[in-house]
Every structure is written in structure tokens, then in C-alpha cells.
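Below is one structure; the comments refer to it alone.
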Amino acid sequence: MEKENKAKEGIKGWINPAKYGKFGIERFAWILMRITGLGLLAYFIGHIYETSHILDGKAVWDASLEMTQTTEGHIFLAIVIGMCVYHTGNGIRLMLGQMGYGLGKPGRPDYPYKPKSLNMKGKACIYATIGVAALAMWYGMAVMFG
Amino acid sequence: MMILRESIVMKIHYGTALGAVFLTVIHILMRMTQDFHESLQYENVIANYQMIGYAIMLELLLILISVHGFNGLRVILLEMRQGPTYEKAVTYGCIASMAILIAYGSRTIIMTSMGMV
Amino acid sequence: MTDSIEYDLIIAGSGLAGLRAAIEAAQKNSKIRIGVVAKTQVMRSHSVSAEGGTAAVIQEEEGDTIESHIYDTVKGSDFLADQDVAERLCQMMPNEIYQLEHWGMPWSRKENGKIDQRNFGGYSFARATYAIDKVGFFEMQTLYDTCQKFDNIEFLNEWFITAIIHDGKQFCGVTAIELSSGSFYTIKGKALIIATGGAGRIYSYSTYALSSTPDGLDMAYRAGMALKDMEFVQFHPTGVLPSGILITEGARGEGGYLLNKDGERFMKNYAAGKMELAPRDIVSRAMMTEMSEGRGFNHDTGVQCMKLDLRHLGDEKIKAKLGGIREISIKFSNIDPAEEPIDVRPVCHYMMGGIHTNIDGAAELQGVWAAGEAACNSVHGANRLGANSTSECIVWGKITGSIAADYIEKEYNESQFPGHLVVAEEKRIYDGIFRGSGEVNPYEVKQEISDTLNDKAYVFRNEADLISGLKKIRELKTKTWKHVDDKAKEYNTNFSNVMEIDSMIRVAEVLLIGAINRKESRGGHARTDYPTRDDANFLHHTLAYYDPNEPIMKKHPVTITKYKPVERKY
Amino acid sequence: MSELNQEISQEKSQTVLSPTKSVKLRISRSNPEVNSEERFDEFVIPVEKYTTVLDAILNVKSHLDHSVAVRYSCRQASCGSCGMKINGKPALACFTKVVELNTDTITVEPMDNFPIVRDLAVNFTRMFNNHKKIMPYVVREDSEIKPDTGVKEILQTPEDVDKYIQFSSCIKCGLCNSACPTMAMDTSFVGPQALAQAYRYIADTRDKGKDNRLKIIDDSHGIWRCHFAGSCSQVCPKGVDPAMGIQLLRSYLLGLRD
Ligand SMILES: Cc1cc2nc3c(=O)[nH]c(=O)nc-3n(C[C@H](O)[C@H](O)[C@H](O)COP(=O)(O)OP(=O)(O)OC[C@H]3O[C@@H](n4cnc5c(N)ncnc54)[C@H](O)[C@@H]3O)c2cc1C
Ligand code: HEM
Ligand code: SF4
Ligand code: F3S
Ligand code: FES
């Protein structure tokens with residue numbers, strides 16, 4: 001058996017913010033994807049539970065709705081909107097990449113090497129997705145706070 | 001231990017994601033047709049549920065997102081630790097949770113749309 | 001008791017020669033177990049640095065002939081090559097190019113899909129087969145990857161072989177240290193192929209990998225086999241300053257110029273027929289002459305150099321055909337060859353000499369073969385042509401792999417393993433080196449050895465220099481540098497470094513004595529005090545046998561078949 | 001081109017300002033066979049404009065502390081021995097000049113996600129095994145040529161070569177594996193190095209082993225555990241761009257290419 005000393009960085013390797021500067025926005029996009037995925041899953045489970053109150057009559061339904069009618073509730077929902085938009089947008093970028101679009105064409109690499117797959121198009125997509133997610137959050141807040 | 005080839009699982013993962021995008025858009029657009037606060041009124045919600053098309057859509061969305069979400073969770077957990085027992089537990093645990101969530105959500109949708117409230 | 005493992009065939013060294021031998025033997029007989037033992041990780045052998053090309057005749061429709069390849073090789077060798085051996089090389093090579101191609105080698109291609117070739121020094125046809133300018137790297141990858149197909153090839157990554165064990169009649173095994181654990185092992189085997197590569201790190205300005213030290217040559221030498229023609233060292237004209245990393249001859253093959261201070265293509269004064277593409281010994285001497293006569297440039301490190309001008313090739317051609325040296329030049333000397341000429345000077349590049357073998361690569365001890373740069377089957381004589389070395393590695397890798405596999409199956413007879421020799425070897429390295437003590441820093445001794453050779457036995461040599469060099473080396477022998485300060489077992493490269501230095505001293509001595517004895521100028525060995533070739537007295541190979549006091553020097557005849565020695569002019 | 005010139009001239013001007021200077025080199029020292037501690041030893045060494053980090057380490061090894069354990073061979077970025085973390089970023093020591101780092105303190109540590117053998121040397125067994133697993137060779141029935149059969153090359157245009165040559169440039173240095181975030185957790189992941197090689201052989205027009213290779217990487221710790229984090233391509237010293245290879249490989253598995 002291999003010794004496990006330092007054989008893995010562990011979760012530190014994922015989270016360590018020092019990495020993102022050195023490794024570029026793609027890695028940040030990945031960790032954000034993961035966090036939003038988990039966040040959405042948590043929200044989704046909660047959402048299913050919440051909507052099940054519809055079976056318990058109007059009083060219970062309204063009471064459970066109350067919870068999100070507060071300021072914190074609105075902020076929470078706004079975050080969910082943001083997560084959803086980011087996760088969707090970035091998910092579409094990833095899927096396009098994984099289908100082979102937007103990666104550039106393989107070919108003889110010339111020094112100094114610049115990886116074609118980490119190109120401006122992809123980076124722009126990530127920034128745009130983050131931007132759109134922020135806009136959506138802002139719009140959602142505007143609607144909710146009326 | 002593999003129930004399905006990983007590529008098939010991941011095709012489902014992407015497929016459900018795409019399906020979810022589509023349906024979520026509809027879901028949200030329907031909310032948009034009404035005023036936000038109004039759309040959440042008890043009566044309106046019940047009415048929506050009782051449109052059969054809408055109910056089917058909700059059911060689909062429920063399945064898609066559950067499959068996608070729990071598979072996502074499985075992926076993350078698989079990468080956290082390795083070992084045959086652990087990996088088996090993760091796979092079956094995620095399938096079971098997914099099934100439970102779908103069942104629970106379906107109960108709401110079916111009972112509501114059949115007017116059992 | 002030392003730990004012991006066992007293989008049928010042991011291959012020492014995993015460069016092109018070693019890996020080619022492993023594949024051939026594995027293919028020949030899937031039942032023999034093959035252990036490839038290397039002090040580096042297998043795919044990290046020096047061969048990855050080979051750049052320019054591999055020579056072979058594959059364009060016969062275009063007018064190339066095998067005959068011409070043979071003659072170019074013999075003439076390039078200054079008629080010291082064994083001509084039957086050169087013939088073997090040239091005849092076997094074309095098939096090997098296609099074999100590599102079938103295994104996945106990314107040869108550069110012509111528009112019509114055929115394998116392309118480029119010009120190289122000393123050839124009368126453009127027959128250096130190339131893959132950009134990373135030929136050795138891609139060949140290593142092809143062979144390493146192909147080895148993965150065979151279940152009977154095992155890699156022993158980072159095992160340092162210290163000695164060859166034999167019973168006086170035949171080969172029995174080797175002793176080695178597994179670097180990662182520091183354990184000392186006996187590896188028993190029925191046959192051995194030595195493919196430990198060149199020893200160019202005995203010079204301080206050198207194109208070689210830092211791992212190219214003479215320990216492989218030395219272990220054969222200590223085991224009683226002869227070293228042949230060690231005085232012939234090739235100096236490549238274009239080592240980039242300041243590191244000595246190689247700028248391939250392919251750069252001139254693609255049309256690069258060598259310029260002196262007056263902006264003149266000075267090669268017209270030395271080899272008007274071939275210009276920059278004369279054989280390496282001639283170009284190197286020309287450059288040294290230009291520099292000593294004041295027509296060189298001053299590099300900012302204070303060294304004299306010449307310029308290699310590639311600007312007229314244009315950026316695109318440089319990227320497409322010389323991408324590797326473009327990277328090297330930009331990184332290691334801050335020069336983009338498309339914009340500025342590269343600073344170069346002659347640099348130690350190849351050892352024509354090595355372990356004495358016959359045409360089949362068999363060494364003098366039964367059960368031992370040598371292939372690649374470690375071997376001297378005399379295909380290169382006094383001067384190797386560029387691109388002929390990777391060819392040699394591949395051809396004799398194949399030949400020795402095949403013959404050794406047959407030997408194991410058909411001829412080998414079990415004999416008593418001489419265990420006492422393992423004990424003696426353990427004593428030699430652990431008591432004599434590991435637990436040694438002393439004041440002198442072994443790394444400084446290493447520097448002194450290589451500086452001495454650099455000063456005294458470079459491109460131009462003379463009696464006084466060589467003798468003072470030999471004195472210096474013998475003086476270093478007596479100093480107390482044989483000790484290892486790192487006392488840990490695991491990954492103790494201090495230990496292996498000191499063993500390497502130990503071997504450098506012995507091999508440097510052989511080199512210098514050979515050079516002193518050869519009172520003529522031939523190929524890579526240029527004596528200012530004897531400036532011409534002397535076929536009457538020196539048309540022979542030099543052999544050196546180990547003796548604790550001083551090497552025993554002998555002569556060995558040259559095989560001449562068709563081509564009578566004539567004056568060598570380009 | 002101008003960008004490149006700028007890079008070169010920048011290095012030049014930096015070096016002219018300080019032709020010979022000293023830097024502090026901090027080397028991570030550890031020997032897991034003895035104990036699990038890691039400490040940093042500091043050395044002050046002179047450098048000039050061409051000094052690489054490997055030169056600096058070997059300077060220490062030759063003159064200040066013989067016991068530094070470090071793997072090296074070619075010193076020209078061809079052999080893949082000298083991967084390590086230099087000021088936190090995975091890189092080849094022989095391909096990183098001290099002046100490029102623009103600091104007075106250089107910290108070198110072993111690569112992440114590999115077990116340490118000692119000091120800067122790490123154990124590659126897992127990576128080599130994964131490489132072997134993906135069948136890294138041209139698969140075809142006639143791959144062995146019999147002598148004197150007159151068999152010549154399989155034709156391949158320069159464009160065909162361009163399809164795989166970049167992936168073929170991999171020197172197996174392991175930097176990509178050390179940077180990959182999946183590698184950081186998943187010890188069974190095949191890793192970007194092996195996946196890029198799987199693509200290299202599949203993209204080769206001579207190869208017929210695609211189906212088998214795809215089966216091998218289509219595993220729960222195979223290609224799908226790459227999330228296009230891109231760190232592999234970011235650190236690759238040879239322009240292999242494993243991330244691109246992996247995504248292209250996936251399009252076969254998604255049924256978009258054959
Ligand atoms: C920079 C450069 C460029 C070149 N370019 C060309 C070219 O373009 N064309 C051409 O034809 N030739 C070229 N050559 C020459 C050619 O590359 C070499 O001659 C050839 O690669 C030697 O290969 P090899 O298999 O004999 O040994 P190497 O590749 O040198 O391998 C030696 C092996 O032996 C192992 N070893 C050594 N000692 C021990 C020990 N004690 N215990 C265990 N293992 C040990 C090493 O680990 C290594 O695996 C070039 C050489 C240099 C230096
Ligand atoms: C609606 C549009 C969505 C799209 C297009 C989408 C797309 C994707 C994609 C492509 C991945 C794979 C990422 C990777 O391989 O790294 C992914 C992962 C994931 N998704 Fe979604 N998703 C969507 C919605 C959701 C929702 C609603 C949830 C929550 C229930 C969710 C939860 C997850 C999780 C937990 C992961 C795993 C994250 C990881 O592996 O890093 N997704 N998604
Ligand atoms: S892909 Fe690049 S980083 Fe990874 S091992 Fe190969 S050369 Fe190194
Ligand atoms: S860093 Fe890892 S996640 Fe994928 S793109 Fe590279 S293999
Ligand atoms: S020493 Fe070979 S890659 Fe750095």
C-alpha cells in the first residue's frame with residue numbers, strides 16, 4: 001500500500017483560495033458549480049417539503065409561505081435565484097465544452113504555451129454567467145421587495 | 001460496482017439538466033404571468049395543480065431535478081473517499097434518497113391535482 | 001544476506017537501446033522474464049534529449065542508396081569504423097523506421113503522407129528522419145508505450161546498478177540499490193544487455209543529461225571487459241550558451257548559417273563543398289580555430305562563441321521544424337531565433353568509445369551484450385555522423401534483444417552463483433564509499449574532473465595538456481573525497497553521486513591515456529602536435545583493460561571490407 | 001510575437017538591473033519513513049540571469065547540504081523528472097528561471113497529490129499504472145513488421161499528425177495530476193495525464209483501439225470525474241492541454257463523434 005502522506009491535498013485543495021489566482025477562473029467556476037449544485041439540491045429538498053404543506057390546508061400553507069416573506073427570506077430566495085442562474089449558465093457552458101465546442105483545434109503547440117481550451121471565449125462565458133446571475137438576483141430582489 | 005456504465009449515468013445527468021432548464025423556464029414563466037405574490041396564493045396554487053398539463057410538467061421536473069441533483073451528490077461523495085463498501089453505500093444511498101424524494105414530491109402533486117385537499 | 005530477485009534477462013539502462021532490446025526479447029519469447037533496470041525512472045533516460053533525426057535510407061525512389069549511407073558513415077568515421085558493422089546498421093535501419101512508425105512514432109510527414117527526412121552533416125542525401133526536432137523524445141515515448149503491451153517486461157525504476165557479477169566464465173547477475181528504499185539487492189539473471197548510454201558528463205560543458213555518467217562503462221570495465229576507443233569524443237558544434245544544451249544539427253540541416261564576427265559564413269574556408277553540413281568534428285575544429293584567431297563573439301558570460309543564424313528561415317518554419325530548439329533558445333538563452341542569431345560553441349556531445357563488442361553486440365564475457373552509446377561495436381569509428389546514433393541504439397537494441405533471448409532459451413547452462421562476490425561488492429560500496437570519511441567535497445572533485453577534461457582534452461589536444469590532465473586526475477584519486485554525508489537510506493542520491501564520481505575518475509583516466517597514446521589526428525581526436533592522420537601506425541582500435549594500478553592498453557584491428565582509407569575531404 | 005518579445009526583454013531588463021544577486025531558497029525536507037514531520041531548510045545562494053531553480057537546488061546539494069533529495073536528469077524540460085511546487089505553483093524546476101519568479105525568496109515543495117518519497121522526490125507508481133491502464137500504444141493487428149516483407153509506412157498527412165502531436169508531447173512529469181482538484185481527493189481517478197494519452201492514441205489515424213480504450217476510461221473513477229477545472233492545462237509545461245483532450249474524448253462517449 002502506498003503511504004498516504006500528503007498523497008492528497010484533500011478538501012483544502014478544492015477550497016484553498018490561493019489556488020484560484022494561480023490556476024485561473026476555470027477552477028473557481030468549478031468550485032462555484034459544486035457549491036451551487038449542492039445549495040440547489042438542499043433548496044430543492046426544502047422546496048418539496050414546503051410545497052407538500054399544500055395538502056395540509058390554507059392555514060399551514062400560508063404559514064409556511066410566511067417564512068419566505070421576511071427580508072431574510074427574500075435574500076435567501078435571491079441567493080437561490082443566483083445559484084440557479086449560475087449553475088444553469090455554467091452547466092450549459094460545461095456541456096458545450098464536453099461536447100467539443102469552443103475548445104479550439106488541437107495542433108502543434110508553440111512556446112510559450114497557452115492552453116487553447118482555456119480560451120477567452122470560455123472565460124468570458126464564466127464572467128458573463130456570474131454577471132447574469134447577479135442581475136437575476138437583483139431583479140428577483142426588486143420583484144420580491146416590490 | 002457499477003449499476004450502469006458511467007457514460008450512461010452522465011448522459012442522464014446532462015439530459016436531465018437540459019430537460020430541467022427547459023421545464024424550469026416554463027415553470028418560472030408561468031409564475032411571471034401572474035403577479036409574484038398572487039401566484040403563491042393558496043387558491044391559485046391549487047388551481048394550477050389541477051391543470052393536468054401543469055401537474056404532469058411538475059412531476060417531470062421533480063423527477064428530472066431529483067435524478068440530476070442526487071447524481072450530482074453521488075459524484076461529489078464518490079470523489080470524497082474511496083473504497084468498495086463506501087462507494088456502494090454512496091450509490092445505493094443516493095438512489096434511495098432520490099426515490100424517497102420523488103415519492104414524497106409526487107404525493108403532493110398527485111393528491112393536489114386529484115383534488116384531495 | 002542481501003535480498004535477491006531474479007529475471008531471465010536483465011537490461012541495464014532504459015534509453016532507446018535498452019527499451020528496443022526489451023521489446024525485441026519480449027516479442028521473441030513471451031516466457032522469459034525481462035527486468036529493465038535504470039537509475040532514472042525508465043522514461044526519463046537521457047535519450048529523450050536527442051533532437052535532430054535518425055538516419056535511414058527510405059527514399060530509394062528519390063535516389064538514395066544504402067551503399068551511399070554506408071560510405072558516408074565510413075568516411076565520416078575517418079575510416080576507423082568497422083565496415084561490416086556500418087553495413088549492418090544501414091541495411092537494418094529502413095525497416096526500423098517503419099517499425100517505429102507502426103508503433104506510433106509521430107514522424108513528420110510530407111504532404112503526400114510519407115515520412116519526411118531532412119539534411120544532416122556529412123551525408124550525401126537528406127536522410128535524417130525527424131519528428132519536429134524532438135526525435136529522441138518521441139522515440140522514447142513510442143518505445144516506452146509499446147513496452148506497456150508486454151506483460152513479461154518489468155520496469156525497475158530508479159535502481160542503481162553497482163556491479164556485474166560473474167563466475168569468470170559467464171554472467172550471473174548484478175548488484176543494485178533500490179533508490180527509493182535504499183536497499184541493496186542481488187538481481188540474478190541469465191543474460192545482461194548493457195545499455196547505460198554515454199558518459200558525457202565527464203566534461204563540464206556538455207549536452208548530456210545530468211545522469212549521463214560513466215558508471216555503466218565502469219561496471220563492465222571493472223568486471224574485466226575492455227573499453228574501446230575512449231579517446232574519441234565528439235564535440236558538437238552548436239551547444240547553446242551558457243548551459244551547453246544542444247541546438248540540433250537539424251538547425252543547419254534546415255538551412256541555418258554559422259557566422260563569425262565579420263558576419264562571414266566561415267565554413268567556406270574549411271569545407272567549401274558541404275559548408276555548415278560538414279561532419280561535426282570538422283565544423284567544431286573550424287569554430288575553435290575561428291575563435292582562437294579572434295573571429296569569435298564575446299558572450300556576456302565571458303566565453304567566446306559563434307553565431308548560428310536561423311533568421312532567414314522565418315518564424316513559421318522555425319516553429320514547424322525546430323520548435324524544440326526555439327523553446328530552448330528562448331528559455332535558456334533569452335534569444336528568439338527568428339529575431340536574433342543564437343550564441344553557440346562546440347560542446348561535448350557523444351562518446352564514440354565504449355564497451356568493446358563484436359558486430360552482434362556481444363561483449364567479451366559470455367552472457368553479456370552491450371548496445372547503444374555504452375557499446376563500442378565500432379560503427380562510428382573516430383567520428384559519428386549526426387543521426388546515426390539513435391539508429392545505432394535501435395538496431396543493436398533489436399539485435400542484442402533477439403540474440404540474448406535465444407541464448408537464454410537455447411544455450412544458457414545453470415552455474416553456481418558466486419555469492420562471495422556480492423559480499424565483496426557490498427563491502428566495496430558500503431565500507432569503501434558509504435561509510436567513508438574525509439575532508440574533500442566529492443562534488444568539487446567532480447567539478448575538477450570535468451574541468452580538467454574540458455581544459456586538457458577538448459577539441460584540440462596536445463601531449464603536454466594530456467599528460468598534465470592525467471596527472472591531475474591521478475592526484476584527485478588520492479584525495480579523501482570518498483564519503484557520503486547523507487546518512488539516510490531512502491532516496492540517497494548523494495550516495496549514487498559519489499559512486500558516479502568514482503567511475504568518472506577511472507574512465508577519465510582511460511580516455512586520457514588513449515589520447516596520449518594516439519599520436520595522430522583522426523576524426524574526433526585532433527592533436528595539434530600530430531596534425532595528420534597516420535594510417536601506417538594508428539589504423540587500429542584502442543582497448544583498455546582494468547587493472548588496479550593502471551589500465552592495460554591493447555590494440556585491436558579495424559575491419560575493412562570495401563573502402564580503402566583515403567584522404568577525407570568535404 | 002510581440003508578446004513573446006516583451007516576455008524576453010522583460011527578463012533581460014530585470015536581469016540587467018541585478019546581474020548577480022542572492023536569493024533565499026527554502027527547501028521542504030521530509031522523510032516519511034522516519035517520521036511525518038516536514039520542515040523547511042533555508043539557504044542563501046547566488047544567482048544570475050540564467051540560473052534555473054534546478055541549478056539553485058543542485059548548487060545547494062553540491063555545496064551546502066548533500067542530503068537534499070531531488071529527482072532530475074535532462075535539465076532541459078524533456079525528461080519530466082523535476083516537477084515540484086515552486087512558490088506554491090506546480091512547475092518544472094529546470095524550466096523555471098529564478099529571475100522569472102521575481103522574488104527574493106523561493107520556496108520549493110514536493111508536488112501535491114503524490115506520496116512523498118523524500119524531500120522533493122515523489123512516488124509516481126500510481127500515475128505510471130494509470131498510464132499503462134489506458135493502453136498507451138497503437139493497437140492494430142499488423143503492428144509488428146516482419147523483415148523483408150517490403151512493408152512501408154502507413155500514410156498520414158501533416159494534418160493527421162497535427163491531430164495528436166500536441167498530446168504526444170507529454171513528458172509524464174505529473175504536474176497536471178498534482179494540480180487537478182479531483183486528484184486532490186479521488187485516489188482512484190485516472191487523472192489528466194493518462195486521459196490525455198488515451199486521447200492521443202484515439203486521435204491517431206493509425207490506431208484501432210478506440211473502443212477498448214473508451215471502455216476503460218468510462219468508469220466511475222474515469223473520465224467523468226474531470227470537471228473541466230482546467231488546472232491541468234494551466235500548469236502543463238509542454239502545451240499538451242490535457243483539458244482539451246479530455247473534453248474531446250468525452251464527445252466520443254456522448255456519441256457525438258465516432
Ligand atoms: C542532446 C543530445 C542530442 C542528441 N541528438 C541526437 C540525434 O538527433 N540523433 C542521433 O542519432 N543521436 C543523437 N544523440 C545521441 C543519442 O541521443 C544517444 O547516443 C542515445 O540516446 C543513447 O541512448 P542509449 O540507449 O544508449 O542510452 P541513454 O538514453 O543514455 O540511457 C542510459 C540509461 O542507462 C541508465 N543507467 C546508467 N547508469 C546506470 C546504472 N549504474 N544503473 C542503472 N541504470 C543506469 C540510465 O538510467 C538510462 O536509463 C544526441 C545526444 C545528445 C546528448
Ligand atoms: C436547470 C439547469 C441545470 C443544468 C444545466 C445543470 C447542469 C449541470 C452540469 C452540466 C453538471 C455537471 C458539472 C460537472 O461535471 O462538474 C451539474 C452538476 C450538478 N448539478 Fe446541475 N444543473 C442544473 C440544475 C441543477 C439543479 C436544480 C440542481 C439541484 C437539485 C443541481 C444539482 C447539481 C449537483 C449537486 C451537481 C454536482 C456538482 C458537481 O459534480 O460538481 N443542478 N449540473
Ligand atoms: S500532460 Fe503536461 S503536465 Fe501532464 S504529465 Fe504530461 S507534460 Fe506533464
Ligand atoms: S484539472 Fe482536473 S478536473 Fe479536469 S480539466 Fe484538468 S483533469
Ligand atoms: S530535469 Fe528533465 S524535465 Fe527538468
Side-chain angles (χ1 to χ4, degrees), chain B residues 1-26 60-103, chain D residues 112-115 125-127 129-130 133-134 176-192 194-195 198-199 202 210-232 245-258:
Chain B
M1 209 282 321
M2 224 189 293
I3 299 178
L4 286 173
R5 284 208 82 69
E6 195 68 14
S7 57
I8 298 179
V9 177
M10 295 311 284
K11 275 183 206 162
I12 295 174
H13 191 76
Y14 296 155
T16 49
L18 282 175
V21 181
F22 186 65
L23 294 183
T24 315
V25 169
I26 300 180
L60 266 175
L61 194 55
L62 168 70
I63 295 173
L64 292 181
I65 294 186
S66 304
V67 170
H68 178 89
F70 279 102
N71 185 53
L73 182 65
R74 178 192 70 101
V75 168
I76 296 178
L77 293 176
L78 270 187
E79 289 175 15
M80 297 293 256
R81 252 179 69 184
Q82 287 73 47
T85 351
Y86 171 79
E87 289 180 25
K88 216 180 249 177
V90 166
T91 309
Y92 288 115
C94 283
I95 293 178
S97 316
M98 183 178 81
I100 293 170
L101 191 69
I102 294 179
Chain D
D112 290 319
N113 307 333
F114 285 85
T125 313
R126 175 152 58 106
M127 193 179 99
N129 289 345
N130 284 339
K133 205 164 79 183
I134 55 95
C176 50
N177 280 18
S178 86
C180 171
T182 305
M183 266 333 223
M185 290 299 289
D186 188 342
T187 47
S188 311
F189 180 42
V190 281
L195 287 171
Y199 185 72
I202 288 176
K210 185 182 98 218
D211 295 342
N212 283 333
R213 235 173 259 122
L214 288 181
K215 245 180 234 147
I216 294 166
I217 56 170
D218 189 5
D219 173 84
S220 56
H221 294 285
I223 185 167
W224 303 101
R225 297 296 80 84
C226 161
H227 307 284
F228 203 177
S231 306
C232 49
I246 298 171
Q247 311 318 315
L248 291 176
L249 203 47
R250 250 195 279 238
S251 49
Y252 288 108
L253 287 165
L254 291 172
L256 299 168
R257 270 172 92 176
D258 47 27

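In what follows, every chain begins at residue 1, and chains take the letters A, B, ... in the order their sequences are listed.
- In this structure, CZ in B:R81 is found 10.5 Å from OG1 in D:T187, a value given to the nearest 0.5 Å.
- In this structure, D:L253 and B:K11 approach most closely via the heavy-atom pair O-CE, 3.2 Å.
- Taking CD of B:E6 as the start and CD1 of D:I223 as the end, the distance is 11.0 Å to the nearest 0.5 Å.
- In terms of heavy-atom proximity, B:E79 sits nearest to D:M185 at O-CB, 2.9 Å.
- In this structure, CG in D:D186 is found 11.5 Å from CE in B:M80, a value given to the nearest 0.5 Å.
- The heavy-atom pair separating D:S188 from B:Q82 by the smallest distance is OG-CG, 3.3 Å.
- The structure places CE of B:M10 at 9.0 Å from CG of D:L254, a figure rounded to the nearest 0.5 Å.
- Nearest heavy atoms, B:L78 versus D:H221: O-CE1, 3.7 Å.
- Remark: B:F22 CZ is loosely packed, at most 12 non-hydrogen atoms of other residues, nucleotides or ligands lying under 6.0 Å away.
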